[in-house]
Amino acid sequence: MARHLITSALPYINGIKHLGNMVGSMLPADVYSRYLRQRGHEVLYICATDEHGTPAELAAKEQGLPVADFCAQAHDAQKAVYDGFALAFDYFGRSSSPQNVEITQHFARKLHENGFIEERAIRQVYSPADGRFLPDRYVEGTCPHCGYDKARGDQCENCTRVLDPTDLINPRSAISGSTDLEVRETKHLFLLQSKLQNEVGEWVARHDGVWPHLASSIAHKWLTEGLHDRAITRDLDWGVPVPADTWPELAAEGKVFYVWFDAPIEYLGATKEWSDLDPENRDWKSWWYDVDTDVRYTQFMAKDNVPFHTVMFPATELGIREPWKKVDFVKAFNWLTYYGGKFSTSQKRGVFTDQALEILPADYWRYFLIANAPESDDSSFTWEHFTATVNKDLADTLGNFVNRVLSFSKKRFGEEVPAGAEAGEAEAKLGEQIAELLAEYEQHMEALQFRKAAAALRALWSAGNSYLEEKAPWLEIKTDKDGAALTLRTAMNLIHLYAVVSEPFIPSSAAAMRRAFSLKGDTATWVSAAEARALTAVPAGTPFTVPPVLFAKLTDEDLENYKERFGGDPA
């Protein structure tokens, strides 16, 4: 089987992430990783907190903590939420790790040796009130492109245009709020992306027709506009230090690398963190170095991260002139909105992941988010849509099927799977239908089409309900007890099949369904087409129990409570 390296965009250290962040990178990466593992592939799913940059320093200052302490606490808080969502990372690291420092400095040295880093004197915003140069995110003001008055000096949150602090209208210090700003000369390192334009363009072109349109179109847009040389150092106290053996003057001034230079390198850094925990059995370079034909690398991210992963980081990797693994497939997502407005960490608009877990178990959120993933377009979260989806798909279609089959069988036949008659025409027809739907589900999962995969999974669940309604064992038992037993035995085999194939979407509920059967030697990781047609994985005589209700229906009162707590339409 193939080896699959999977990364999702690093969640920034500053604050608990909202549902849009979850569905834009980490959750679909987890679903895909789980699916690949079940199909027998070797998988390494890597992620980490992105801990450098201005917002971390500002948040630490606001909480009165040293930035290292703030990041350590915030990392643990985020990891607890991701554990709550059952994200099965192979390793969840930290971009402030010594491993990332080591690899980032190595990359910088190699780029310098190859003529792709240059030291330049630039004019930068200085705040006399703060007594320091202000890195880009320490400067706020009005975006010159869209007029948004809270734009940062690196990027406008409203229109996503990349900015320099000197582009802002009416700039002010994010530390003190002072508008008494000056522009002074200082020195920084620049990555000469302009010299790598053609190489990056050729590399991106090789993925045309392979990457989703969203990822390719954003990459080509940046290339068409032309790659500009970009400063990759900042005047901060917290970050990967510029190595003194290569740039002694800048190191003495305390320069650190720009967060967007070291953050993508943390994919490698986190893999080395994972490897260093068990160096005798783990080799991080076997995943990253000179492995183009051996490892398939898939990245997951929201569209605002696409330029950095399809243009800027590939430029870094190409300029190093070493055979580091480059991404094979970029799965990019549009926005999940909240009633049509943007989720916003800074403005606390929308539902955040820790709040979500306070309300309902993770599987409710996992299923809804993936079933409505913003793939071809933005999608909107509303409490009305969430409630309707939970009730129709999870509570009625799946949960009710499991409960009524097991409860009715226990009541009429006891606590073992009944034997009954041999499978007949209805069961053969059902088996063919299940095999076809399973193939469709697999096809969409292989293609990373998550909404279509969710629809195919839902169709699998619906097929069981249709079979049950057609056979009506509650009526059948009055005239044909063996026939009713056959129907229930077949339905129990469907429950077991659902437990196996639903695991990437709803792992906790899938485990509960599987635990319902005391099936010795149940090591199945997937269901073959032949097994789907036969539906005999759970034989007669197998003990079973009725699990607690898998999914509770949400009431009108629940809906009103959610809207009262979080608000409805933000407009």
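This structure is a prediction, so every number in the text was calculated from the model and none was measured.
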Whether the Gln443 and Tyr441 side chains hold a donor-acceptor pair (N or O, under 3.5 Å, no angle test) is what I'd like checked. no

Exercise for review: Could you tell me whether a side-chain N or O of His188 sits under 3.5 Å from a main-chain N or O of Thr233, the two making a donor and an acceptor?
Suggested key: yes

Is there a donor in the side chain of Asp378 and an acceptor in the side chain of Thr337, or the other way round, less than 3.5 Å apart?
no

Is there a donor-acceptor contact under 3.5 Å linking the side chains of Ser25 and Lys17?
no

**Donor-acceptor pair between His52 and Tyr12 side chains, under 3.5 angstrom** = no

CZ (Phe261) and CG (Leu111) are apart, to the nearest 0.5 Å, by 5.5 Å

Heavy-atom side-chain proximity of Ser33 to Arg37 below 4.5 angstrom:
yes

Taken to the nearest 0.5 Å, the spacing of Ile320 CD1 from Phe107 CZ works out to 3.5 Å

Test item: side-chain donor near acceptor, Ser95 and Asn100, under 3.5 Å = no

Original post:
In terms of side-chain heavy atoms, does Asp208 have a donor or acceptor partner in His220 at a distance below 3.5 Å?
Top reply: yes

**Asked** Can you check whether Asp328's main-chain N or O pairs, donor with acceptor, with Trp211's side chain at less than 3.5 Å?
**Response** yes

Given side chains that start at C-beta, do those of Asp229 and Glu118 come closer than 4.5 Å, heavy atoms only?
no

task = Would you check if Ser216 and His207 make a side-chain contact, meaning some heavy-atom pair closer than 4.5 Å?
result = no

Scanning both residues in full, the closest heavy-atom pair of Arg451 with Ser379 reads NH1-CB, 4.0 Å

dist Ser8:OG -> Leu87:CG (nearest 0.5 Å) comes out at 8.0 Å

| task | Take the angle between the ring planes of Phe450 and Phe300 and call it parallel below 30°, perpendicular above 60°, tilted in between. | result | tilted

To the nearest 0.5 Å, atom CG of Leu191 lies from atom NE2 of His112 at 13.0 Å

**Study point:** Minimum side-chain heavy-atom gap Leu58-Gln63 below 4.5 Å
**Key:** no

**Item:** Distance under 6.0 Å and angle within 45° of ring axis: Arg132 vs Tyr138
**Value:** yes

Taking every heavy atom of Gly93 against every heavy atom of His75, the minimum-distance pair comes out as O-CE1, 3.3 Å

Review point. Do Leu27 and Trp365 have side chains that get closer than 4.5 Å, going by heavy atoms?
Key: no

### Task
Indicate yes or no for a side-chain donor-acceptor contact from Gln299 to the backbone of Val330 under 3.5 Å, with no hydrogens or angles considered.
no

- prompt: Is it true that a side-chain atom of Asp136 and a backbone atom of Pro165 form a donor plus acceptor pair closer than 3.5 Å?
  reply: no

Sub-4.5 Å side-chain heavy-atom contact between Val256 and Val240:
no

So OH of Tyr367 and CZ of Arg458: to nearest 0.5 Å the spacing works out to 4.0 Å

Check: If we ignore angles and hydrogens, is there a donor and acceptor under 3.5 Å between the side chains of Glu273 and Ser97?
Finding: yes

**Ser217 side chain to His213 backbone, donor-acceptor under 3.5 Å** = yes

- Cation-pi between Lys331 and Phe333: NZ/CZ under 6.0 Å from ring centre and within 45° of the ring axis? yes

Looking only at heavy atoms, the pair that brings Leu214 and Lys303 closest together is CD2-CB, 4.1 Å

For Ser508 and Asp363, the nearest pair of non-hydrogen atoms, with its separation, is N-OD2, 3.3 Å

Does the side chain of Lys255 reach to within under 4.5 Å of the side chain of Asp235, using non-hydrogen atoms?
yes

- Using atom types as modelled and distance alone, determine if a side-chain donor or acceptor of Ser96 lies under 3.5 Å from a backbone N or O of Glu51. no

Taken to the nearest 0.5 Å, the spacing of Gln449 CD from Glu375 CD works out to 5.5 Å

ask   = Does one side chain, of Glu531 or Ser528, offer a donor that lies under 3.5 Å from an acceptor on the other?
value = yes

NZ/NE/NH1/NH2 to OD/OE distance under 4.0 Å, Arg366 and Asp30: yes

### Donor-acceptor under 3.5 Å (Asp50 side chain, Pro11 main chain)
no

Between Arg3 and Arg296, is any pair of side-chain heavy atoms under 4.5 Å apart? no

Could you check whether Thr7 and Tyr45, counting side-chain N and O atoms only, form a donor-acceptor pair closer than 3.5 Å? no

On the ring face of Trp287, is Lys325 found with NZ or CZ under 6.0 Å from the centre and within 45° of the axis? no

Quick test of your reading of the model: are Glu185 and Arg123 salt-bridged, counting only N-O distances below 4.0 Å?
no

| message | Under 4.0 Å between a side-chain nitrogen and a carboxylate oxygen: does that hold for Glu199 and Arg321? | response | yes

Donor-acceptor contact below 3.5 Å, side chain Asn21 vs main chain His18: yes

Q.
Taking the cut-offs as 6.0 angstrom to the six-membered ring centre and 45 degrees off its axis, would you call Lys285 and Tyr289 a cation-pi pair?
A. yes

Tell me whether Lys61 is salt-bridged to Glu57, with the criterion being a basic N under 4.0 Å from an acidic carboxylate O. no

